[in-house]
Number of protein chains: 2
Amino acid sequence: MNKIDHTSWSRDAIAADLERAIHEHRLPPGTKLGEDDLAEAYGISRTIVRAALLALSHRHLVQLRRNRGAFVAQPTPREAREVFEARSLLEPRTAHSAALRMTEADLALLNENIRDEHAALDAGENGRALLLSGQFHLEVARIADQTTIEAVISELISRSSLIIALYWRRRAALCETQAHHALLDAFARKDGAAAEELMKNHLLDLVASLDLRNVAPPPASLREALQR
Amino acid sequence: MNKIDHTSWSRDAIAADLERAIHEHRLPPGTKLGEDDLAEAYGISRTIVRAALLALSHRHLVQLRRNRGAFVAQPTPREAREVFEARSLLEPRTAHSAALRMTEADLALLNENIRDEHAALDAGENGRALLLSGQFHLEVARIADQTTIEAVISELISRSSLIIALYWRRRAALCETQAHHALLDAFARKDGAAAEELMKNHLLDLVASLDLRNVAPPPASLREALQR
DNA sequence: CGGGACAGTATTGTATACAACTTTGTGCCC
DNA sequence: GGGCACAAAGTTGTATACAATACTGTCCCG
């Protein structure tokens with residue numbers, strides 16, 4: 001693997017870099033993240049890589065298996081349901097708060113985000129579109145000015161990206177940006193109740209677009225499958 | 001510091017041990033957690049201590065300051081409000097679900113928990129009582145069978161303990177166990193709506209019992225105070 | 001030819017050595 | 001005596017060496 005150009009990677013920088021790659025589906029669920037590989041790729045020692053992997057494991061993006069290594073997490077159907085259950089408890093009310101606090105600058109930012117997402121979709125950059133879609137939700141939490149809830153939602157969004165990688169059914173990504181457009185309208189009107197309802201339905205639509213029948217997620221490797 | 005007897009402490013065991021000590025207020029907010037001290041106390045090298053501290057920092061129980069060390073976190077009044085805001089979004093609905101799924105064994109467990117809490121209070125073991133009070137809330141999430149939400153609540157409860165250490169006003173701890181008793185009644189009746197409402201009010205009471213006027217939390221040390 | 005034991009290889013787990021930084025103490029100069 | 005520069009001590013940050021464990025391939029035996 002080529003060395004990634006960067007003067008000096010910190011633990012957090014590496015964790016963020018990996019999280020982004022996971023979020024964009026460049027590192028699909030089950031991918032092994034070898035310590036030596038990563039250390040060489042980033043040009044540092046395993047010490048920092050280990051710390052970054054530990055950080056990602058606390059966000060449930062990486063599964064650590066003792067003496068076996070780190071793997072990009074593979075949420076089960078149950079975990080997938082739970083993640084969206086949690087999001088539906090947090091995000092609608094957060095959208096409500098955000099609507100009431102919305103400024104012109106915030107609206108412009110969200111609008112730009114939607115535009116970029118469209119552009120990414122048109123260019124066939126699905127990973128980037130997914131990342132931007134997540135950023136939209138995160139931005140809403142930021143606008144609601146709830147740092148703590150924002151941190152929780154941030155993790156849930158990243159996990160949602162893994163869930164989508166495993167269980168996405170429809171290819172119709174249009175509904176995504178449309179829902180965001182509708183939310184933006186409600187935000188522009190500072191209509192908290194409408195934003196709350198739209199967010200709630202948006203999340204329900206997302207879950208509905210998943211195929212969570214009890215098919216086991218693809219194993220990390222053929223070997224893994226044989227061990228069961 | 002004396003060496004704590006244990007054949008071999010793992011990273012998670014140390015993190016759990018420290019978290020418990022923080023939860024019970026044996027390690028008050030601002031306490032410096034020196035790596036050498038902990039390594040000697042647990043009879044292991046700094047490597048594992050660092051990993052445990054990193055884990056705790058991800059739960060916002062420990063604040064890591066580069067080149068300065070690890071300190072038991074000192075939530076700001078704002079953070080305190082946000083933590084209870086998050087709890088009030090998650091816990092009432094979770095209590096609702098729990099009520100519908102409640103079994104006799106669950107009821108017995110919760111009942112025992114309340115009894116222990118009473119006993120601890122009578123014995124003047126306030127730290128232990130606080131830990132048990134937190135466990136009650138965590139147990140509810142477990143009964144609701146929502147692992148993901150349970151993990152989030154677990155962190156919020158631990159942080160709440162730090163908040164209470166810093167901002168607790170009333171000494172009247174009676175309301176605590178009374179609220180838990182009322183919840184238990186609703187659970188026994190499998191009355192989800194009542195449980196949801198009781199939990200909501202219980203959390204509101206908790207916030208109301210805090211003094212979150214913008215007094216800065218006590219500094220980690222005299223030195224810290226002078227630096228500002 | 002199949003299966004199991006075993007050795008070799010590769011990867012992770014832990015401890016430790018050293019570097020970098022912060023803090024603390026001392027002394028000089030004004 | 002106050003303040004600044006500098007030196008010393010202590011603590012954290014990072015890399016690396018070694019130990020422990022898991023994986024892979026080979027050989028031997030039935």
Side-chain angles (χ1 to χ4, degrees), chain A residues 1 3-18 27 30-58 61-73 219-228, chain B residues 1 3-18 27 30-58 61-73 219-228:
Chain A
M1 196 185 287
K3 183 167 165 180
I4 298 170
D5 186 28
H6 197 287
T7 47
S8 183
W9 289 82
S10 72
R11 157 172 56 81
D12 291 341
I14 290 178
D17 198 56
L18 287 174
L27 291 173
T31 305
K32 164 129 196 196
L33 301 171
E35 298 182 359
D36 279 327
D37 294 342
L38 292 174
E40 192 186 1
Y42 289 106
I44 53 171
S45 79
R46 280 172 49 217
T47 306
I48 301 180
V49 170
R50 279 179 76 84
L53 290 174
L54 187 58
L56 290 175
S57 81
H58 291 134
L61 299 181
V62 158
Q63 185 188 13
L64 296 182
R65 306 169 67 183
R66 184 166 179 97
N67 286 318
R68 299 203 181 164
F71 301 82
V72 177
S221 67
L222 292 176
R223 177 171 313 278
E224 300 287 324
L226 298 173
Q227 283 178 348
R228 290 166 199 166
Chain B
M1 198 184 284
K3 183 167 165 179
I4 298 170
D5 186 26
H6 197 286
T7 47
S8 183
W9 289 84
S10 72
R11 158 171 55 81
D12 291 339
I14 291 178
D17 198 56
L18 287 174
L27 290 172
T31 305
K32 163 131 196 192
L33 302 172
E35 297 182 0
D36 278 328
D37 294 340
L38 292 174
E40 192 186 359
Y42 289 105
I44 53 171
S45 78
R46 281 172 47 214
T47 306
I48 301 180
V49 169
R50 279 179 76 84
L53 290 173
L54 188 57
L56 290 175
S57 80
H58 291 135
L61 298 181
V62 158
Q63 185 189 15
L64 296 182
R65 306 169 67 182
R66 184 164 180 96
N67 287 318
R68 299 203 182 165
F71 301 82
V72 177
S221 67
L222 293 176
R223 178 172 312 279
E224 299 287 324
L226 297 174
Q227 282 179 348
R228 290 168 197 163

Please state how far atom CD1 in B:Ile14 lies from atom P in C:dA15, giving the value in whole angstrom units. 9 Å
Would you indicate which nucleotide in C:dT14, D:dA15, D:dT12 comes nearest to any side-chain atom of B:Ser45? C:dT14
Less than 4.0 angstrom between a side-chain N/O of B:Arg68 and OP1 or OP2 of C:dT23, yes or no? yes
Using whole Å, report how far CZ of B:Arg46 lies from P of C:dA17. 12 Å
Looking only at D:dG13, D:dA15, C:dG13, the nucleotide nearest the B:Glu35 side chain is D:dG13
Of B:Ala70 and A:Asn67, whose closest DNA chain D nucleotide lies nearer the 5' terminus? B:Ala70
Spacing of CG belonging to B:Asp17 relative to CH2 belonging to B:Trp9, to within rounding of 0.5 Å: 4.0 Å
For a side chain to side chain contact (heavy atoms under 4.5 Å, CB included) check, start with the C-alpha distance between B:Leu38 and B:Ile14, then their side-chain angles and the critical distance, and finish with the verdict. CA-CA 9 Å; B:Leu38 292 174; B:Ile14 291 178; over 6 Å; no
When you measure from the side-chain N and O atoms of B:Arg50 to the phosphate of D:dG13, is any distance below 4.0 Å, counting only OP1 and OP2? yes
Residue-phosphate contact under 4.0 Å: B:Thr47 side-chain N/O, C:dT14 OP1/OP2: no
Indicate, yes or no, whether a donor-acceptor pair under 3.5 Å links the base of C:dG13 to the side chain of B:Arg11. no
Candidates C:dT12, C:dC21, C:dT23 - which lies nearest the side chain of A:Lys32: C:dT12
In whole angstroms, the gap separating P of D:dT12 from CZ of B:Arg65 amounts to 12 Å
Closest heavy-atom pair and its distance - B:Asp36, B:Arg46: OD1-CD, 3.2 Å
Length of the line joining A:Ile48:CD1 and C:dA19:P, which is rounded to integer Å: 16 Å
How many Å lie between CG on B:Asp36 and C1' on C:dT16, as a whole number? 12 Å
Rounded to whole angstroms, how far apart are CG on B:Leu54 and C1' on D:dG13? 13 Å
Categorize A:Arg66 for me: base, sugar-phosphate, or nothing, with a 4.0 angstrom heavy-atom threshold over every strand shown. sugar-phosphate
For the student: nearest non-hydrogen atoms of A:Ala15 and A:Ala52, plus distance: N-CB, 4.0 Å
Take the protein atom CD1 of A:Ile44 and the nucleotide atom C1' of C:dA19, then report the distance between them rounded to whole Å. 16 Å
